[in-house]
Amino acid sequence: MEKAARAYAEVLRLVRLLPKDTRAYYAKHARENFVNYRETDPSEVSYLFQRTYDHSLWVLHKYSIDKSVADKLKGICCT
């Protein structure tokens, strides 16, 4: 649970780097996903963390933000 909270906080930090008019959408999307998957099968947790990181990279690329800003999220999700 602590790892999920750290990943969620890091995703929200990345959302603040997005254009202002998109932040609310992505913050809501992140919250909904973290809430929906809070009670998931433990065997799927590592997949969900990897998906969190991959989707974050996709969004950053979409808005031409360097993926290196997601290094901390990578450290949380991909270990």
Side-chain angles (χ1 to χ4, degrees):
M1 184 67 151
E2 179 185 326
K3 185 176 179 179
R6 289 184 323 162
Y8 178 62
E10 187 60 23
V11 167
L12 291 181
R13 186 187 71 79
L14 294 173
V15 166
R16 289 194 301 264
L17 301 175
L18 299 175
K20 190 171 182 142
D21 60 334
T22 64
R23 292 177 193 164
Y25 170 80
Y26 285 107
K28 182 179 178 186
H29 179 75
R31 179 173 170 32
E32 288 173 353
N33 276 287
F34 275 90
V35 168
N36 287 340
Y37 293 108
R38 70 178 165 218
E39 294 180 21
T40 192
D41 183 11
S43 66
E44 294 181 21
V45 170
S46 63
Y47 165 75
L48 291 173
F49 280 123
Q50 183 63 48
R51 196 172 94 176
T52 299
Y53 176 68
D54 292 342
H55 185 73
S56 296
L57 288 182
W58 181 85
V59 172
L60 292 171
H61 177 74
K62 179 179 177 180
Y63 293 102
S64 301
I65 299 171
D66 184 48
K67 70 179 184 176
S68 67
V69 298
D71 287 347
K72 187 173 179 183
L73 181 62
K74 182 178 183 180
I76 295 168
C77 292
C78 302
T79 56

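Atom NZ of Lys67 sits about 13.0 Å away from atom CG of Leu73, to the nearest 0.5 Å. The CH2 atom of Trp58 lies 16.0 Å from the OH atom of Tyr53; values are rounded to the nearest 0.5 Å.
When the side-chain contact (heavy atoms from CB on, under 4.5 Å) test is applied to Lys20, the partners found at least two apart in sequence or on another chain are Arg23. Residues passing the ring-ring contact (aromatic ring centres under 6.0 Å, His included) test with Tyr8, sequence neighbours excluded: Phe34. Residues passing the side-chain hydrogen bond (donor to acceptor under 3.5 Å, both in side chains) test with Glu44, sequence neighbours excluded: none. Looking at residues two or more places apart in sequence or on another chain, you find a side-chain contact (heavy atoms from CB on, under 4.5 Å) between Lys28 and Glu32. Remark: His55 engages no residue in a side-chain hydrogen bond (donor to acceptor under 3.5 Å, both in side chains) (not counting sequence neighbours). Annotation: side-chain hydrogen bond (donor to acceptor under 3.5 Å, both in side chains) contacts of Ser64 (sequence neighbours excluded): none. The side-chain hydrogen bond (donor to acceptor under 3.5 Å, both in side chains) check on Ser68 picks up Asp66, with sequence neighbours excluded.
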Show me the donor-acceptor pairs within less than 3.5 Å that the side chains of residues 9-18 make with the rest of the protein, sequence neighbours left out.
| unit_1 | atom_1 | unit_2 | atom_2 | d |
| --- | --- | --- | --- | --- |
| Glu10 | OE1 | Arg13 | NE | 3.2 |
| Glu10 | OE2 | Arg13 | NE | 2.7 |
| Glu10 | OE2 | Arg13 | NH2 | 2.5 |
| Arg13 | NH2 | Val69 | O | 2.9 |

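Other members of the hydrophobic cluster containing Phe49, listed by chain and number, are Val45; membership follows side-chain contacts under 4.5 Å among ILVMFWY residues, whether direct or relayed. Clustering of Ile, Leu, Val, Met, Phe, Trp and Tyr by side-chain heavy atoms under 4.5 Å joins Tyr47 with Tyr37, Leu48. Side-chain heavy-atom separations under 4.5 angstrom define the hydrophobic clusters, and Val35 shares its cluster with no other residue.
Using a 4.5 Å heavy-atom threshold, the side chains of Gln50 and Cys78 count as touching.
Across every non-hydrogen atom of Thr52 and Ser56, the tightest pair is O-OG, 2.8 Å.
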